[in-house]
Amino acid sequence: MAKRSIHWFRKGLRIHDNPSLIAACENAEDMKPIFILDPWFPKNGNVGINRWRFLLQSLQDLDTNLKKINSRLFIVQGKPVDVLADLFKKWNITTLTYEVDTEPYAKLRDAEVDNLARECGVEVIKCVSHTLYDTKRIVEKNGGSAPLTYKRLQTVVSMLGSPPKPVPIPSNCKTSVSKDYDQKYAIPTLEDLGKDAKDCGPCLFPGGETEALIRLDRMMKKTNWVCTFEKPKTEPNSLEPSTTVLSPYLKFGCLSPRTMYYRLVDIYKQNKKHTAPPVSLEGQLLWREFFYTVGSVTPNFDQMVDNPICIQIPWDTNVEFLEAWKQGKTGFPFIDAIMNQLRQEGWIHHLARHSVACFLTRGDLYVSWEEGKKVFEEYLLDADWSLNAANWMWLSASSFFFQYFRVYSPIAFGKKTDKDGNYIRKYVPVLKHMPTQYIYEPWTAPLKVQEKAGCIVGSDYPKPIVEHDKIRPINIQRMATAYKNRPAKSDSGKSQGKGQKRKTEQTTQGPKGKKSKTTGKNSKITDFIKGGN
DNA sequence: CTCGCGGTTGCGGTT
DNA sequence: CAACCGCAACCGCGA
């Protein structure tokens, strides 16, 4: 029987370095590239309009690129298993190909589709191309569990050798396009999806493989910059991004991590002196690999309860604090500027994410990291299930990072790289004319100064919702208590705790009683939907 | 079991 | 101005 295939795009929205697309093309008399609009995402996911736009742009560009290799992209809507059942018959399909996806919802979805394919006699070919390595191999090499430190990941990865080389663009596509293509399979607009394009922010980072490769090229041409890149030294509050902003493209797979990796390797080869992981650009790809790997095998990775690597902390429930944080109304200009940039533009610098995440959780507001994670999930163009959860655990000192006494100052941190507060002036325009002396702490400005600046704190701009210097030590104490109350590591139940440390009496309890937030109450399905893809 | 070390990105001070 | 210290002290890891 002649091979007739479907390549199912989910992530991996590209034609370069796409091994499963190649597998679909090989010796196929017809190869249909499809993308399924899964209604669960708009229903249950936190997808803000900027990311919808990014997705549609990426699909548009993918179609354009597929045309160049004699093909087209077919958009279909519905539950994947239903859609595919239909298409298998309609197109007389013998082979289905797709890229491996390690997220929980994707795993369920794909298992269901694999079953369907088996029933229909359709061969399934899946390839790893969203991560540098097959995360399963990393776990295997680590003895069956995920590495829990970056160091350990580096060791395991070095045992695995170099990641696979990128594969070429397929050259032998045969896709028959019926006359009803435009009517049935064309790429929808935001309006088709019930969205209003007017709600979008400025389009600073257009979606798509073409843009991704242009951007990669532009970054890699700055060889000196690449070779001296140290992530912690880049600026969170520059007016132009101080990092690559390749993350949204990696998230959707518009850019292959392996393509980027080998571009870096080339540059490093030609320049003996260059930075190294964890701070280098290569190091950033390894962070991604690290968090994808842990996320792929850790139960309930995106929540606190029943997450074996997450310290249980009785966070406060405080909807007012949460809302003020989300809407950029905390009264701390640096924090508010970052949140405004996030909501409007969909990308903020990594250290800016640190600042606002620390502020929301252990630093100031003592609200659960899960709440912050949901907000990031909605607004970030690069919202990536594993990375988002992992970084929120990191910043809230719930996992990976434990030095909870290192607290970012919402006042001092931004000053290091933006003394004049130009970033604040841009993203909190009401503070535009506040004198530099007060720009990070406008509530300290004399009333006359506030009047002259056209910004009265308390009416034009909020008063700070907490006193950072007072709340910080209290929260540190609460963190210490939560750590002390950790159950002993459950080896085989014989050791009862860690001796003296656990015996120390409970210290301060914090100002308000701790209504611990009940997390993980959502249905599994709802959780799986969020933030994926 | 204990110990010492290191941990991508704290702050505010001093040298 | 970069580098170091004290602050008070966390964790996981490996020896």
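Numbered from 1 within each chain, the chains take letters A, B, ... in sequence-line order.
- Taking the C1' atom of each, C/dG6 and B/dT8 are spaced 23 Å apart, rounded to whole Å.
- Within residues 256-283 of chain A, no residue is approached by DNA chain C to less than 4.0 Å at the level of any non-hydrogen atom.
- Among the heavy atoms of the strands lying under 4.0 Å from A/Gln284 is at least one base atom, whether or not backbone atoms are also near.
- Looking at residues two or more places apart in sequence or on another chain, you find no salt bridge (charged side-chain N to carboxylate O under 4.0 Å, His left out) involving A/Arg258.
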Just list the side-chain donor-acceptor pairs under 3.5 Å for residues 320-334 of chain A, sequence neighbours left out, or say none.
residue  : atom : partner  : partner atom : Å
A/Glu323 : OE2  : A/Gln327 : NE2          : 3.1
A/Trp325 : NE1  : A/Val356 : O            : 3.0
A/Thr330 : OG1  : A/Phe332 : N            : 3.1
A/Thr330 : OG1  : A/Asp336 : OD1          : 2.7

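- Side chain of A/Asp316 to main chain of A/Val367: no donor-acceptor pair is present (N/O by atom type, distance under 3.5 Å, no hydrogens or angles).
- Within residues 233-245 of chain A, no residue places a heavy atom under 4.0 Å from DNA chain B.
- Near DNA chain B, meaning a heavy atom under 4.0 Å from it, residues 291-298 of chain A has no residue at all.
- Summarising the geometry, the separation between CZ on A/Phe359 and P on B/dT9 is reported as 22 Å, rounded to the nearest angstrom.
- In this view, A/Asn50 and A/Arg53, A/Cys200, A/Leu381 satisfy the side chain to side chain contact (heavy atoms under 4.5 Å, CB included) rule, not counting sequence neighbours.
- The salt bridge (charged side-chain N to carboxylate O under 4.0 Å, His left out) check on A/Lys233 picks up A/Glu230, with sequence neighbours excluded.
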*How is the base pairing of DNA chain B summarised as a dot-bracket string, given the Watson-Crick and G-U wobble criteria with both distances under 3.5 Å, [ ] for crossing and | for another strand?*
.||||||..||||||
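- The closest donor-acceptor contact from the side chain of A/Arg362 to the backbone of A/Arg406 lies under 3.5 Å.
- At least one donor-acceptor pair under 3.5 Å links the side chain of A/Lys107 to the backbone N or O of A/Ser296.
- For the P atoms, the distance linking C/dA9 with B/dG7 amounts to 23 Å, nearest Å.
- One N or O on the side chain of A/Glu370 and one on the backbone of A/Met304 form a donor-acceptor pair closer than 3.5 Å.
- Atoms OH (A/Tyr483) and C1' (C/dC11) sit 7 Å apart, rounded to a whole Å.
- Using P as the reference atom, B/dC3 and C/dC7 are 23 Å apart when rounded to the nearest Å.
- At most 12 non-hydrogen atoms from other residues, nucleotides or ligands lie less than 6.0 angstrom from CZ of A/Arg137.
- Of the residues A/Phe376, A/Trp315, A/Trp369, the one that meets the ring-ring contact (aromatic ring centres under 6.0 Å, His included) test with A/Trp392 is A/Phe376.
- Checking side-chain atoms of A/Arg51 against main-chain N and O of A/Asp382 turns up no donor-acceptor pair under 3.5 Å.
- At distances below 3.5 Å, not a single donor-acceptor pair connects side-chain atoms of A/Gln344 with backbone N or O atoms of A/Met339.
- Taking atom NZ of A/Lys484 as the reference point, atom C1' of C/dA9 lies 10 Å away to the nearest angstrom.
- Taking atom CZ of residue A/Arg362 and atom C1' of nucleotide C/dA9, one finds them 13 Å apart after rounding to whole Å.
- Classification of A/Lys11 and A/Glu103 as a salt-bridged pair holds, one side-chain N sitting under 4.0 Å from a carboxylate O.
- Proximity of A/Trp385 to A/Asp101: side-chain heavy atoms (C-beta onward) are nowhere separated by under 4.5 Å.
- As a whole-Å value, the separation of A/Lys151 NZ from B/dT8 C1' is 10 Å.
- With sequence neighbours excluded, the residues that form a side chain to side chain contact (heavy atoms under 4.5 Å, CB included) with A/Thr223 are A/Ile267.
- Protein atom CG of A/Leu153 is 11 Å distant from nucleotide atom P of B/dT8, rounded to whole Å.
- The side chain to side chain donor-acceptor pair (under 3.5 Å) test applied to A/Thr234 returns A/His349, not counting sequence neighbours.
- Annotation: proximity of residues 400-416 of chain A to DNA chain B (heavy atom, distance under 4.0 Å) is found for A/Gln403, A/Arg406, A/Val407, A/Tyr408, A/Ser409, A/Ala412, A/Phe413, A/Lys416, numbered in ascending order.
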Quick one: which protein N/O atoms are closer than 3.5 Å to N/O atoms of nucleotides 13-15 of chain C? Pair and distance per line, please.
none

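- In this structure, A/Ile311 atom CD1 and C/dC10 atom P are separated by 12 Å, rounded to whole Å.
- Counting only heavy atoms from C-beta outward, the side chains of A/Tyr292 and A/His130 approach each other to under 4.5 Å.
- With a 6.0 Å radius and a threshold of 12 heavy atoms from other residues, nucleotides or ligands, A/Lys463 has its NZ atom at or below the threshold.
- Across the protein-nucleic acid pair, A/Leu285 atom CG and B/dT8 atom C1' stand 14 Å apart, rounded to whole Å.
- Side-chain contact between A/Leu153 and A/Val294: absent, with no pair of heavy atoms (C-beta onward) separated by less than 4.5 Å.
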